[in-house]
Enquirer: 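Right, I'll just put the structure down here and ask away after.
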Protein chains: 2
Amino acid sequence: MSDLHPLSDHIGFMLRRAQLSVFQDFQQRTEGFDLTPAGYSVLAILDRHPGMRQNKLTNLLALKPANCVTLINGLERRGLVVREKIKVAGRAVALSLTGEGKTLLAEMDIQVEEHLSLMRQRLGSEDHAELLRLLRKLVESGGEALADDLL
Amino acid sequence: MSDLHPLSDHIGFMLRRAQLSVFQDFQQRTEGFDLTPAGYSVLAILDRHPGMRQNKLTNLLALKPANCVTLINGLERRGLVVREKIKVAGRAVALSLTGEGKTLLAEMDIQVEEHLSLMRQRLGSEDHAELLRLLRKLVESGGEALADDLL
DNA sequence: TATTGTTATACTCTATAACTATA
DNA sequence: TATAGTTATAGAGTATAACAATA
């Protein structure tokens, strides 16, 4: 097992390298949509869970609240997302996609699906599924809930 | 398969989450050494491959040359690494650890081994090996050579 | 003169603390 | 007054282009 690269069995290093490779393909394919992976994530989540609070979104994406604000501001300014005040606690806000947001997401999803396809192709279907399983296991074993109490 | 988190089968998203989790543990355990994961990587590689050129290091770590300079500057200023001019081509430089660099690395490696142990424990030995294999496969299938022509 | 390294700089991401608004 | 969000700001990480030094 290659002692060639002394870091090739450091999980953190390999995760970084893998992420680099995957993000690069993602970004190339979604050029022109002017959405970072993070921005895309927001749209993708709000599409399936409209009315989600910023709070919750922050947890699901593992962002800091302050940075989430900036992210949403940008999406709102572009008319992709709306904030609606709700009466639950404090300053709470419900987030949803606008029609424009849904449209953009749908268009972008075509590219994203191709991206996911290529990743699956690069690994082979079986290994691809296995990798996802292992990543979930790693994250969850670290005490991070992936889906938390989603609702 | 949880449609709970709409992104849990996006490889890029999961890689980010996993890296977050792994790096967090790495950083906690190596607090006090005042070395980022990148800085550690440099020491670890130079320890096993003394005399390596900056050039090559840049490739192995997937850094930009300009950023590698800054990184090495810091390590050199701290007396952990030395640059020696060599006569190959252009401005070429050979990098090596100083005694101090070796000492620091050795101390840090104790913590790093504990970190790697925990990761192995979190996944189980078998899954841990499997994850490494899949990450390597993913990176290499992306056209990135992990060990290149290392020498 | 091609190769390698360096400088300067800017942009994005992430992190922290202090502040605001509302049930 | 606890909760949710916001502002301001600083630091790390990463990217690009133009430049310098040497075989």
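Sequence lines set the chain letters: A, B, ... in the order given, protein chains first and strands last, and positions in each chain run from 1.
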Enquirer: If I take atom CG from residue A:Leu60 and atom CG from residue A:Asn55, how far apart are they, to the nearest 0.5 angstrom?
Expert: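 The distance works out to 10.0 Å.
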Enquirer: Check every nucleotide of DNA chain C for an atom under 4.0 Å from a heavy-atom of chain B, then give the first and the last such nucleotide from 5' to 3'.
Expert: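 First-to-last contact on DNA chain C, by the 4.0 Å heavy-atom rule, is C:dT3 to C:dT14.
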Enquirer: Under 4.0 angstrom, heavy atoms only, what part of the nucleic acid is A:Thr36 near: base, sugar-phosphate, or nothing?
Expert: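 Sugar-phosphate only.
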Enquirer: Rounded to the Å, how far apart are A:Asn67 CG and D:dA10 P?
Expert: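 From A:Asn67 CG to D:dA10 P: 15 Å.
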Enquirer: With no hydrogens and no angle check, is any side-chain donor or acceptor of B:Arg120 less than 3.5 Å from a backbone partner on B:His128?
Expert: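 Between the backbone of B:His128 and the side chain of B:Arg120 there is no qualifying donor-acceptor contact (under 3.5 Å).
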Enquirer: Say whether, by atom type as modelled, one donor and one acceptor occur between the side chain of A:Arg48 and the main chain of A:Ala44 under 3.5 angstrom.
Expert: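 Yes; at least one donor-acceptor contact below 3.5 Å.
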Enquirer: Could you tell me which residues satisfy side chain to side chain donor-acceptor pair (under 3.5 Å) with B:Arg122, sequence neighbours excluded, listed by chain and number?
Expert: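 For B:Arg122 the side chain to side chain donor-acceptor pair (under 3.5 Å) partners, ignoring immediate neighbours, are A:Ser141, B:Ser21.
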Enquirer: Scan nucleotides 20-23 of chain D against the protein and return all N/O pairs shorter than 3.5 Å with their distances rounded to 0.1 Å.
Expert:
| residue | atom | partner | partner atom | Å |
| --- | --- | --- | --- | --- |
| D:dA20 | N3 | B:Arg91 | NH1 | 2.7 |
| D:dA21 | O4' | B:Arg91 | NE | 3.2 |
| D:dT22 | O4' | B:Gly90 | O | 3.4 |
| D:dT22 | O2 | B:Gly90 | N | 3.4 |
| D:dA23 | O3' | B:Val88 | O | 3.4 |

Enquirer: Which side-chain N or O atoms in residues 107-114 of chain A pair as donor and acceptor under 3.5 Å with protein atoms at least two apart or in another chain?
Expert:
| residue | atom | partner | partner atom | Å |
| --- | --- | --- | --- | --- |
| A:Asp109 | OD1 | A:Tyr40 | OH | 2.6 |
| A:Gln111 | NE2 | A:Arg29 | O | 3.3 |

Enquirer: Looking at A:Thr98 and A:Leu80, would you say the former's side chain and the latter's main chain have a donor-acceptor pair under 3.5 Å?
Expert: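 Checked: pair present.
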Enquirer: Look only at the side chain of B:Arg16 and the backbone of A:Leu61, and say whether a donor-acceptor pair between them is shorter than 3.5 Å.
Expert: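 At least one qualifying donor-acceptor pair exists.
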Enquirer: Can you tell me the distance, in whole Å, between the NZ atom of B:Lys64 and the C1' atom of D:dT16?
Expert: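 Taking NZ of B:Lys64 and C1' of D:dT16, I get 9 Å after rounding.
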Enquirer: Work out how much the helix from C:dT1-D:dA23 to C:dA23-D:dT1 bends between its end axes, five pairs an end, to the nearest 10 degrees.
Expert: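 The two end axes of the helix from C:dT1-D:dA23 to C:dA23-D:dT1 meet at 0°.
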Enquirer: Looking at every heavy atom in both A:Leu132 and B:Met14, which two are closest together, and how far apart are they?
Expert: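 Heavy atoms of A:Leu132 and B:Met14 come nearest at CD2-CG, 4.2 Å.
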Enquirer: Centroid separation under 6.0 Å, is that true for the rings of B:His10 and A:Phe26?
Expert: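 Between B:His10 and A:Phe26, which both carry aromatic rings, the centre distance is not below 6.0 Å.
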Enquirer: I want to confirm an ordering. Mapping B:Leu20 and B:Arg83 to their closest nucleotides on DNA chain C, which one lands closer to the 5' end?
Expert: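 Closer to the 5' end of DNA chain C: B:Arg83.
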Enquirer: Take the protein atom CG of A:Leu71 and the nucleotide atom C1' of D:dT6, then report the distance between them rounded to whole Å.
Expert: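 Result: 14 Å.
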Enquirer: Just call it for A:Asn55: base, sugar-phosphate, or nothing, with non-hydrogen atoms closer than 4.0 Å on any strand.
Expert: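 Counting heavy atoms under 4.0 Å across all strands, the contact made by A:Asn55 is with sugar-phosphate only.
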Enquirer: Find out whether B:Thr30 and B:Leu35 are in side-chain contact, i.e. whether some heavy atom of one side chain is under 4.5 Å from a heavy atom of the other.
Expert: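 Counting from C-beta outward, B:Thr30 and B:Leu35 never come under 4.5 Å.
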Enquirer: Report all side-chain donor-acceptor pairs from residues 84-96 of chain B shorter than 3.5 Å, counting only partners two or more places apart or in another chain.
Expert:
| residue | atom | partner | partner atom | Å |
| --- | --- | --- | --- | --- |
| B:Ser96 | OG | B:Gly51 | N | 3.4 |

Enquirer: Please pick, from D:dT14, D:dA8, D:dG5, the nucleotide with the shortest atom-to-atom distance to any side-chain atom of A:Arg16.
Expert: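 Out of D:dT14, D:dA8, D:dG5, the nucleotide with an atom closest to A:Arg16's side chain is D:dT14.
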Enquirer: Taking any heavy-atom pair under 4.0 Å as a contact, classify A:Ala38: base, sugar-phosphate, or nothing.
Expert: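 No contact.
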